[in-house]
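Numbers here are sequence positions counted from 1.
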Amino acid sequence: MSDDDMKTSSMNNIYKVSRRIKRKENSLYNSLRSIHEDSIFVSEIAELWPELPLVANLRCGLWYSNKFINHSNYNCYFKSTDGHTNNLSFNTSRLNLHLALLAGQKGGCMIVDSTRKGKRFPDSMSKTIPIWTCVLNRAILNYRNKMDGIIKPMERMDLSAQNSETTAPESFEWDTSLHLPLWVPDTEKTRIENHLDGWVKQLETSGADIASISSLLRKPLRPLWISQKTVIWLNEVPDYDSWDFTPIILISASASSDIYRQKTSSEFSWNYIAGAGDDEESWARGLTPALFWNNVYDLINSGPDMCNQKVAALVEKDRVYRAQRGQIAPQLSVKATKSGGTASTHIQDQPFDITNENGSSGHLLGDEHSMFWLGLTNLAVCSSGYDFKASNVDVILNCDQNQVLCTLVDAEAHLHLPIMNSKFDRFSLQRNLPSALSFAMLHLRGGKRLAVCCNSGEDISVCVCLAILISLFNVEGVYDDGKFFKEKRITKLDMRERLIFLCKYAVNARPSRGNLKQVFNFLSSASP
């Protein structure tokens, strides 16, 4: 064997050993133990301002507090990629306007997230959310200036007296500055500021309900950052109501370290993982935040050797519980990831992929599912795990890969269209939209109440509802049997406006770009 071959073989062996060590350190028990430890920090910060609602940034943030189990609507969706240096954007498909309304009602809010990258804060907190607050503040000021130009001075005085509790005070200047953390360089700040006016126009032309946010926000939005390295003097914690802004307190749950730190309790030793709640498909084995917090002490006390068995038993028990009640409960198989060599003796420490029986990826939902009615359209969106027995739904359009136990008296009031995600089939949604629209038209025309569901209730079902809204309703959200759609060529702006209308009610909506593209391709080819 030559020297080069020996060197290559040695490098391969080192790589295999390092990968094996990393897999062991990334074990399920280490992840859950790290999440539990970081959740203590989150709860301590939350107690500093107990009146402010605690909000999870999906999906990672859901793991770090048991409060999210009982407040399933207290979440938001800000992506770190929207704040990446070469991908700066203000995404109107993720406006999170419900968060601005919540902050206006409560006087502020706290958002929880974490990152595996070894940084103190994810880019969602460093740039995406600061961009969001600045754009909203500027749009609100533009709206108020426009209203001031319409309402006469005396009328404005009367209006202020009548609505003193809901309109913003005029005793201070409305702050429209871009507030970024100190670690963001000035060159990056300048690059963001050059885009702000364009993003504001994009928001204003999108059809977003700026008026409602303006009526609730007494003070401009402003982000604040708190991590485990932040020094807080407990005897000097300010009253958030004394600030001249509405605080959006950004809590980075994990310690800012990409180095595994070994810790020892009275019974077990384990390795701390920063941002352990991220990328749950790679480590959670079907466990959900709700299942975790409902059994947290049992799992933590089980130790590294028994943790995997405990989780498997909990996931299966939850699946059987839901299956007995007619909810979606696919059998999950756990497949070990290939190690690139001989089989490891630490099978329980390898990362696992979760797959349904039908081969599509997914995860179990351990908490109660919500149904979101889209205004007065008689159209609702939900997950296929929703308990339809307790609802007043007349018709069900199931877009999940799995069947839903139909509880409706009329057998023709249920249609199953097994639509695959765009990652697995780039045209599955587009092929099924004609059938979905025909079914929706048949029943909405008669005044029936239609629920559209999919596995998560956040993506495919949202896209189907979006297609129904554009095809069968006018811009005011009134059913017109497709008259508006037949007379107008649909543009991306039309899509954006209807999606914002939908997200106003379905706050958990997270449609993927691939599925939205299929909806647009279908509608643009079908419209005149």
Side-chain angles (χ1 to χ4, degrees), residues 15-43 56 59-66 68 112-120 122 227-229 251-315 332 334-340 343-354 363-364 366:
Y15 174 77
K16 290 177 183 178
V17 171
S18 63
R19 292 289 294 174
R20 192 175 302 164
I21 293 173
K22 188 173 182 179
R23 279 196 298 269
K24 186 173 182 179
E25 290 173 335
N26 268 324
S27 70
L28 179 59
Y29 183 78
N30 286 340
S31 296
L32 297 180
R33 193 69 190 255
S34 301
I35 289 170
H36 182 256
E37 177 165 293
D38 290 335
S39 72
I40 298 173
F41 164 72
V42 171
S43 63
R59 292 173 301 161
C60 181
L62 281 175
W63 288 92
Y64 289 96
S65 176
N66 59 358
F68 301 135
V112 181
D113 202 355
S114 72
T115 179
R116 286 180 181 268
K117 303 299 183 181
K119 299 181 290 187
R120 288 179 65 185
S227 73
Q228 293 197 26
K229 287 188 175 181
I251 306 174
S252 183
S254 298
S256 57
S257 173
D258 54 358
I259 302 175
Y260 294 97
R261 301 197 304 273
Q262 188 167 14
K263 300 202 172 189
T264 304
S265 64
S266 58
E267 299 180 35
F268 311 111
S269 62
W270 53 283
N271 293 300
Y272 174 80
I273 303 174
D278 197 14
D279 193 22
E280 61 193 40
E281 287 88 358
S282 66
W283 60 267
R285 303 186 179 211
L287 190 71
T288 64
L291 278 177
F292 169 63
W293 283 108
N294 287 333
N295 303 275
V296 58
Y297 296 113
D298 191 22
L299 290 172
I300 295 300
N301 295 331
S302 65
D305 295 333
M306 295 299 297
C307 182
N308 291 358
Q309 296 180 28
K310 287 278 188 182
V311 168
L314 283 173
V315 170
L332 296 185
V334 186
K335 301 187 299 184
T337 303
K338 293 180 180 179
S339 60
S344 171
T345 57
H346 299 282
I347 297 297
Q348 70 272 20
D349 291 325
Q350 295 182 5
F352 281 62
D353 293 328
I354 303 298
H363 59 279
L364 284 174

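In this structure, the side-chain hydrogen bond (donor to acceptor under 3.5 Å, both in side chains) partners of D279, at least two apart in sequence or on a different chain, are S282. Considering only residues two or more places apart in sequence or on other chains, S114 meets the side-chain hydrogen bond (donor to acceptor under 3.5 Å, both in side chains) condition with Y64.
How far OG of S31 is from CH2 of W270: 10.5 Å, rounded to the nearest 0.5 Å. Residue L299 holds its CG atom at 10.5 Å from CG of N308, rounded to the nearest 0.5 Å. With rounding to the nearest 0.5 Å, the separation of OG in S34 from CG in N271 is 8.0 Å. Here CG of L291 is found 7.0 Å from CG of N294. Values are rounded to the nearest 0.5 Å. In this structure, SG on C60 lies 5.5 Å from CG on D113, to the nearest 0.5 angstrom. Once rounded to the nearest 0.5 Å, the distance linking CG of D38 with CD1 of I251 reads 12.0 Å.
S65 places no side-chain N or O within donor-acceptor distance of the main-chain N or O of F68, the cut-off being under 3.5 Å. A donor-acceptor pair under 3.5 Å links the side-chain atoms of S254 to the main chain of G275, judged by distance alone. In this structure a side-chain-to-backbone donor-acceptor pair under 3.5 Å is missing from W293 to T288.
Heavy atoms only, all atoms of each residue included: V42 and A253 are closest at CG2-CB, 3.7 Å. Across D278 and W283, no two heavy atoms sit closer than the pair O-NE1, 3.0 Å.
Taking the side chain as every heavy atom from C-beta outward, H36 and W63 never approach each other to under 4.5 Å. Taking 4.5 Å as the limit, some side-chain heavy atom of L32 sits within range of a side-chain heavy atom of C307. At a threshold of 4.5 Å between non-hydrogen side-chain atoms, the residues V311 and L28 count as touching. Side-chain contact between I273 and R33: absent, with no pair of heavy atoms (C-beta onward) separated by less than 4.5 Å. Using a 4.5 Å heavy-atom cutoff, the side chains of Y29 and K310 are not in contact. No side-chain heavy atom of R285 sits under 4.5 Å from any side-chain heavy atom of E280.
Side chains of R120 and S252: no donor on one and acceptor on the other come within 3.5 Å.
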